[in-house]
Amino acid sequence: MALMTAQEYIESLRKLKTRVYMFGEEIENWVDHPMIRPSINCVAMTYALAQDPQYADLMTVKSSLTGHTVNRFTHLHQSTEDLINKVKMQRLLGQKTASCFQRCVGMDAFNAVFSSTYEIDEKYGTHYHENFKNFITMVQDNDLTVDGAMTDPKGDRSKAPSQQADPDMYVHVVERREDGIVVCGAKCHQTGSINSHWHIFMPTISMGEADKDWAVSFACPTDAEGMYMIYGRQSCDTRKLEEGASIDVGNAKFGGQEALVVLDHVFIPNEYIFLNGEYEFAGMIVERFAGYHRQSYGGCKVGVGDVVIGATALAAEYNGVEKASAVKDKLIEMTHLNETLYCCGIACSSQGFKTKAGNYQIDLLLANVCKQNVTRFPYEIVRLAEDVAGGLMVTMPSQKDFESDTVVGRNGETIGDICKKFFAAREGVSTEDRQRVMRFLENMCLGAAAVGYRTESMHGAGSPQAQRIMIARQGNIQGKKQLAKDIAGIQ
Ligand code: SF4
Ligand code: FE
């Protein structure tokens with residue numbers, strides 16, 4: 001089957017019977033819901049750009065399994081060049097949407113589960129790798145979007161899955177049958193889950209023997225019987241519900257999406273199981289998926305950062321301060337920080353290596369350094385954006401005020417006239433353009449888009465401490481001690 005167009009992708013979602021809840025109610029037509037649609041438009045962009053000849057080399061690639069042309073979001077990386085192109089593609093998508101475009105979690109799950117299942121089979125003679133190859137071939141052939149679901153609710157963090165008072169705090173097997181397994185549990189803050197055709201579930205931590213029933217990985221369709229999603233609300237999200245709202249939303253076209261995904265006795269046939277009790281491999285899947293996703297942030301957040309820097313420069317221009325040396329220097333600093341993140345994304349890709357299964361893995365230490373920087377630099381970038389933009393980005397009257405005919409002035413001036421008079425930008429710039437750029441920055445710095453640019457930079461792909469653990473493990477302090485000993489003449 002050929003690659004889907006953006007429109008075909010959107011229509012394909014309508015065919016699913018995905019159960020979505022928001023504000024305490026089931027949403028029937030969630031595809032057209034004003035709070036959900038911007039996030040669908042984002043995923044649709046991964047399809048649209050793949051159809052654009054200008055981006056064909058970056059967005060599409062020959063499948064290692066079938067030789068067919070597939071979207072890079074469904075690809076198993078075959079070289080360090082593939083890993084670098086992945087990061088470049090993510091930067092491009094960030095630039096085109098200024099949002100989280102969600103489809104990477106599936107791509108990162110594909111690559112982690114592909115290599116891990118090979119090594120599980122090698123040890124146990126299981127058939128998980130074959131299962132996975134059949135699954136990923138179906139995904140590539142149908143150009144599907146898949147959610148990579150990892151983060152369990154975790155309950156009491158001091159306890160292992162098997163020690164939790166409520167066993168559902170981690171996804172687990174509740175019944176083993178001849179033809180498959182039945183699973184229960186949930187995954188929290190799942191990026192793009194509603195917008196995905198399928199899900200891959202993976203464990204979220206390393207596990208011990210007692211956690212066998214929790215050491216489970218599998219794929220299932222998003223509208224599987226027993227599965228549903230509760231939408232995660234975002235800051236200022238109901239602005240999207242205001243009649244005629246566009247300017248006040250900041251980014252009316254695109255947005256991210258997270259949801260709570262619940263599995264209430266979902267049956268998984270044998271052919272979609274990729275791990276089932278081989279507990280010592282849970283950690284491998286977690287480490288590989290997290291590594292890939294920490295690499296991803298060296299692309300996607302950089303692309304979004306490009307738009308934030310551009311908007312900041314526009315705000316300065318509209319305010320008439322773009323020539324001030326202090327403003328120029330702040331834009332340089334923002335660029336420096338943003339490109340440093342990109343350097344990390346490219347570096348961990350270029351130092352990648354071939355796994356036993358044949359696909360390519362990033363350098364884990366550098367990917368964790370990449371993500372650790374992402375937990376900091378976007379915060380400094382938005383601080384500088386707010387600095388340059390000025391307080392107007394959060395104090396400006398609403399779009400309705402700017403459009404209002406209500407007379408308030410002694411000479412018949414309307415609220416709209418007064419707003420336009422006092423919020424006028426420099427000569428030659430429309431007040432509306434100034435409104436747009438200010439509201440966009442508000443959205444990026446502290447509105448709905450700040451979910452993707454700030455808090456997701458902190459906690460997505462693992463919180464900062466998770467990277468520090470990996471950096472400690474990979475940092476080779478013993479080897480460094482030896483270097484010092486050799487030079488200092490210590491026996
Ligand atoms: Fe992709 Fe970035 Fe969103 Fe993760 S946070 S899904 S890497 S856009
Ligand atoms: Fe993310």
Side-chain angles (χ1 to χ4, degrees), residues 38-47 49 58-59 71-75 77 83 85-112 145-151 187-196 199-200 202 204 232 234 251 254-259 261 286 288-308 338 341-342 344-346 348-349 362 367-368 370-375 377-378 444 448-464 466-467:
S39 69
I40 296 174
N41 293 340
C42 257
V43 183
M45 192 54 106
T46 70
Y47 290 88
L49 293 182
L58 210 49
M59 296 298 305
N71 192 302
R72 191 179 292 281
F73 279 96
T74 66
H75 186 49
H77 316 300
L83 290 170
N85 280 335
K86 172 198 162 186
V87 171
K88 289 185 176 173
M89 169 180 77
Q90 289 168 312
R91 184 171 189 170
L92 173 71
L93 262 304
Q95 290 172 338
K96 297 289 187 192
T97 61
S99 299
C100 165
F101 36 88
Q102 308 146 53
R103 207 175 170 187
C104 333
V105 278
M107 167 175 55
D108 292 341
F110 300 150
N111 280 277
T145 290
V146 178
D147 178 34
M150 179 163 277
T151 314
K187 295 285 184 183
C188 294
H189 24 84
Q190 283 311 298
T191 294
S193 58
I194 295 164
N195 303 341
S196 299
H199 279 58
I200 293 180
M202 297 165 285
T204 200
Q234 301 169 335
N251 182 351
F254 303 108
Q257 172 199 103
E258 269 80 25
V261 178
V286 176
R288 291 186 181 180
F289 172 78
Y292 282 122
H293 212 55
R294 290 168 194 173
Q295 167 210 26
S296 288
Y297 277 41
C300 75
K301 300 302 177 225
V302 180
V304 177
D306 287 328
V307 191
V308 173
N338 204 41
L341 299 180
Y342 189 53
C344 293
I346 295 295
C348 69
S349 306
I362 41 73
N368 278 279
C370 177
K371 175 66 212 322
Q372 181 78 184
N373 284 332
V374 172
T375 66
F377 297 178
M444 291 308 308
V451 174
Y453 193 54
R454 288 179 39 147
T455 316
E456 191 175 51
S457 287
M458 181 67 79
H459 294 294
S463 306
Q467 289 112 56

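Numbering starts at 1 and runs along the sequence shown. Order of listing sets the numbers, starting from 1, for every ligand and every atom in it.
Smallest separation of non-hydrogen atoms from Gln102 and Gly255: NE2-O, 3.5 Å.
Take the N/O/S atoms of Glu456: the one nearest the Fe ion (ligand 2) is OE2.
Using cut-offs of 30° and 60° on the angle between ring planes, the pair Phe101 and Phe73 is perpendicular.
Between Ser349 and Gln295, the side chains place a donor N or O and an acceptor N or O closer than 3.5 Å (distance only, hydrogens not considered). Of the N and O atoms on the side chains of Asn195 and Thr145, not one donor lies less than 3.5 Å from an acceptor on the other residue. Side-chain atoms of Thr191 and Asp147 form no donor-acceptor pair, as typed in the model, at a separation below 3.5 Å.
Backbone or side-chain N, O or S atoms of Ser296 do not reach the Fe ion (ligand 2) at under 2.8 Å. The distance from atom 2 (Fe) of ligand 1 to the nearest N/O/S atom of Cys300 is under 2.8 Å.
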Take Lys96 and Asp306 through the salt bridge (charged side-chain N to carboxylate O under 4.0 Å, His left out) test and state the conclusion after the steps. CA-CA 10 Å; Lys96 297 289 187 192; Asp306 287 328; over 6 Å; no
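Every atom of ligand 1 is numbered from 1 in the order shown, and the set under 4.0 Å from a heavy atom of Ser296 is 7 (S). Within ligand 1, the atoms closer than 4.0 Å to a non-hydrogen atom of Glu456 are 5 (S), numbered from 1 in the order shown. Under a 4.0 Å criterion applied to the non-hydrogen atoms of Cys100, ligand 1 contributes the atoms 3 (Fe), 5 (S), 6 (S), 8 (S).
Regarding atom 1 (Fe) of ligand 1, its nearest protein heavy-atom neighbour is Cys104 SG, 2.2 Å. Protein heavy atom nearest atom 4 (Fe) of ligand 1, with residue, atom name and distance: His293 NE2, 2.5 Å.
At a threshold of 4.5 Å between non-hydrogen side-chain atoms, the residues Met107 and Gln90 count as touching.
Residue contacts with ligand 1 do not include Arg103, since none of its heavy atoms lies under 4.0 Å from the ligand.
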